[in-house]
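Encoded as structure tokens, the structure appears first; notes follow it.
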Amino acid sequence: MAVTGAVMVLFLILHVVGNLKVFSGAESFNEYAHWLRHVGEPAVPGRTVLTLIEVVLLVSVVLHMWAAISLTRRARKARPVKYAARRKSQASGYATHTMRYGGVVIVLFLIWHLLDLTFATVNPAGAAGLPYDRMVQGFAPERWPVTLFYTLALVMVGLHLRHGLWSAFQTLGLASGKAYRPLKLAAAGLSAVLVLAFLSVPFAILIGVVK
Amino acid sequence: MSGMNLTLKVWRQKGPADEGRMVTYHVEDVSPDMSFLEMLDVLNERLILEGDDPVAFDHDCREGICGMCGMVINGVAHGEQRATTTCQLHMRHFKDGDTITIEPWRAAPFPVVKDLVVDRSAFDRIIQAGGFISVPAGSAPDAHTIPVKKADADAAFDAATCIGCGACVAACPNGSASLFTAAKITHLGLLPQGQPERDSRAKAMVEQMDAEGFGGCTNTGECTAVCPKGIPLETIARMNRDYLRAK
Ligand code: HEM
Ligand code: SF4
Ligand code: FES
């Protein structure tokens, strides 16, 4: 869980940095997208690096889900008889209790997201459009339900990371002694920054700052 | 002063093979100064007089130090009062007319023996796997022969306050025994006497915990919140670190 999660978080950081290039104009963003596809050429064929990233991500997503499913099944086996009284949560951690269904929501979002901006099947600019146009047309004001869906999904991602990041620090044994509080704050801080940075792009398009 | 009238919904199970069910009882004139267990004593005295089987529950010290007592009260292990064992929970935290649900710890590795009594031998086996230090027994060594840093001594002592009650398992949505195991690993792993076996201890205890059928920890923090001794979640990070190093 911790290792595959960390791989995805690293990807998200790179991903958001790439997205923020939208603010430096169409040319810069398209160049960046072009570079992503051709980095390393001619030493390696086109898309080598991108394909490599895609494979690592796919493996991470699958292993992450597999770990989550086996943890859930272990939990069920460890408590065959349920409590009659509704178990009241005593720990204050809303995010903690959204992990399992939150993960499912994120996967559904991911599918839409890939159809939208990677394969462009549900994007108005289509596969032939330049990456920048796909982005701007995808989040055009009249497509506000899409933006709303992205916003909800990203809030879910934020909650997932808030608990997930900190939980990973725990699992890897880093959060002991003095490191406990700073790491807990770092997890919350990084999640918030990531979500806000991701959201800045669709909202900038929505209000017409980026067009 | 007149006492409280309460409705209790109690788990009754004749033995390990019995299916078990919730049974409703009424207890009258409960003093707010009674402990939760004394309130159950009142119920049991009446049940005995009526020729009924009294509700079986574990207890010993009744002063919050032995770890024997423990029940899930209204869905919360040891009740909603923080840092309190069931025996130290007082009836003043309840109101006249309340309905109180009382259930045993629920976990596959803690099978119900009878009513509210569960078999916690799984904890003993985790301790047997490595929760000790190997030293030649004999006369006690002089105090201060091995210096221990004050901070380490304090942290080790805090972890050592775990009474093995099992509330952490009962409260965990995953049925994990990580807090208990981590408390023991932290207690011994912080002291100089615990160093020689530190790695093998962590590995053996974690593997025994998994073999017993406890669930996996997802750091929900429900355990710490109900722990009568406030064992911190940080001990679990320590356990994981020692375990990863041992592997
Ligand atoms: C508002 C937020 C987001 C925006 C605007 C956005 C934008 C994009 C764009 C434009 C692409 C296509 C890049 C290309 O054409 O090469 C992409 C790919 C991708 N995004 Fe996002 N993204 C967002 C959030 C997320 C989140 C939260 C996740 C993960 C949970 C994610 C996971 C992915 C993945 C896995 C790919 C495919 C990468 C690949 O094909 O190599 N994205 N995103
Ligand atoms: S860690 Fe706390 S809740 Fe768990 S057994 Fe020890 S004292 Fe009880
Ligand atoms: S009876 Fe000993 S701790 Fe409650």
Side-chain angles (χ1 to χ4, degrees), chain A residues 1-3 5 64 66-103 159-184 187, chain B residues 9 11 19-22 72-77 80 82 100-104 106-110 112 151 155 169-178 182 186 190 210 212-226 232-245:
Chain A
M1 260 328 1
V3 175
H64 199 76
W66 175 77
I69 292 167
S70 47
L71 268 169
T72 309
R73 291 179 52 184
R74 249 182 91 184
R76 291 227 179 99
K77 252 178 74 187
R79 179 159 299 132
V81 184
K82 304 269 170 290
Y83 289 110
R86 223 182 103 75
R87 206 162 31 78
K88 283 186 219 141
S89 172
Q90 296 296 297
S92 48
Y94 175 70
T96 309
H97 302 282
T98 62
M99 295 305 279
R100 281 174 193 158
Y101 76 83
L159 289 174
H160 203 82
L161 289 188
R162 188 194 194 290
H163 178 73
L165 269 172
W166 175 74
S167 188
F169 293 145
Q170 276 279 107
T171 304
L172 299 176
L174 303 173
S176 67
K178 285 199 197 78
Y180 186 86
R181 277 194 62 79
L183 284 181
K184 196 154 192 179
Chain B
K9 290 188 175 158
W11 181 258
E19 255 200 17
R21 72 219 63 87
M22 299 300 286
V72 174
I73 302 166
N74 287 338
V76 182
E80 273 184 84
R82 289 281 165 117
I100 307 173
T101 315
I102 310 173
E103 296 169 86
R106 293 290 187 203
F110 286 169
V112 173
V169 174
C172 177
N174 300 308
S176 166
S178 287
T186 301
L190 277 170
D210 289 344
E212 295 291 345
F214 291 106
C217 173
T218 61
N219 301 300
T220 64
E222 296 291 339
C223 50
T224 309
V226 300
L233 215 50
E234 177 255 332
T235 57
I236 295 182
R238 226 174 256 287
M239 167 175 81
N240 288 334
R241 194 171 52 194
D242 282 5
Y243 178 71
L244 289 176
R245 207 183 44 194

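What you see is a predicted model; the values in this text were computed from it and never measured. Order of the sequence lines fixes the chain letters, A, B, ..., with proteins taken first and strands second; residue numbering starts at 1 for each chain.
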Taking all non-hydrogen atoms of both residues, which atom of A/A91 and which atom of B/A225 are closest, and how far apart?
N-CB, 4.0 Å
For B/N74 and A/A85, the nearest pair of non-hydrogen atoms, with its separation, is C-CB, 3.9 Å
Kindly give the heavy-atom pair with the smallest separation between B/E222 and A/S89, and that separation in Å.
OE2-OG, 2.6 Å
Tell me whether the count of non-hydrogen atoms from other residues, nucleotides or ligands lying under 6.0 Å of NZ in A/K82 goes above 12.
yes
To the nearest 0.5 Å, what is the distance between OH (A/Y180) and OG1 (B/T235)?
9.0 Å
Side chain, backbone, both or neither: which part of B/C172 has a heavy atom under 4.5 Å from chain A?
backbone
May I ask you to decide if B/R106's main-chain N or O and A/Y83's side chain share a donor-acceptor pair within less than 3.5 Å?
yes
Check each atom of B/A171 against the heavy atoms of chain A and say whether the ones under 4.5 Å are side chain, backbone, both or neither.
backbone
Under 4.5 Å between any side-chain heavy atoms of B/T218 and A/R100, yes or no?
yes
Taking only residues at least two apart or on different chains, which pairs with a member in residues 162-175 of chain A satisfy side chain to side chain donor-acceptor pair (under 3.5 Å)?
A/T96-A/H163, A/S167-B/N219, A/Q170-B/N219
Could you tell me the separation between the CZ atom of A/R79 and the CG atom of B/N174, rounded to the nearest 0.5 Å?
8.5 Å
May I ask you to name which of B/R245, B/R82, B/K9 has the most heavy-atom pairs under 4.5 Å with chain A?
B/R82
Quick check: closest heavy atoms across A/A78 and B/G215, and the distance to 0.1 Å?
CB-N, 3.6 Å
Under the 3.5 angstrom rule, does the side chain of B/R241 hit a backbone N or O of A/L174 as a donor-acceptor pair?
no
Please check if the number of heavy atoms outside B/R21 that lie under 6.0 Å from its CZ is greater than 12.
yes
Counting heavy-atom pairs closer than 4.5 Å to chain A, which one of B/F214, B/F110, B/Y243 comes out on top?
B/F214
Return the minimal non-hydrogen interatomic distance between B/R238 and A/S176, and the atom names on each side.
N-CB, 4.0 Å
Proximity breakdown for B/P104 and chain A, heavy-atom pairs closer than 4.5 Å
backbone
Under a 4.5 Å heavy-atom cutoff, which of A/A95, A/P80, A/A75 has the most pairs with chain B?
A/A75
Over 12 non-hydrogen atoms of neighbours within 6.0 angstrom of OH in A/Y94:
no
Gap between atom NZ of A/K88 and atom CD1 of B/I73 - 0.5 Å precision
10.5 Å
So which residue, B/G20, B/P232, B/G175, B/A170, ends up with the most heavy-atom pairs under 4.5 Å with chain A?
B/A170
Looking at B/T186, B/N240, B/V226, which one has more heavy-atom pairs under 4.5 Å with chain A than the rest?
B/N240
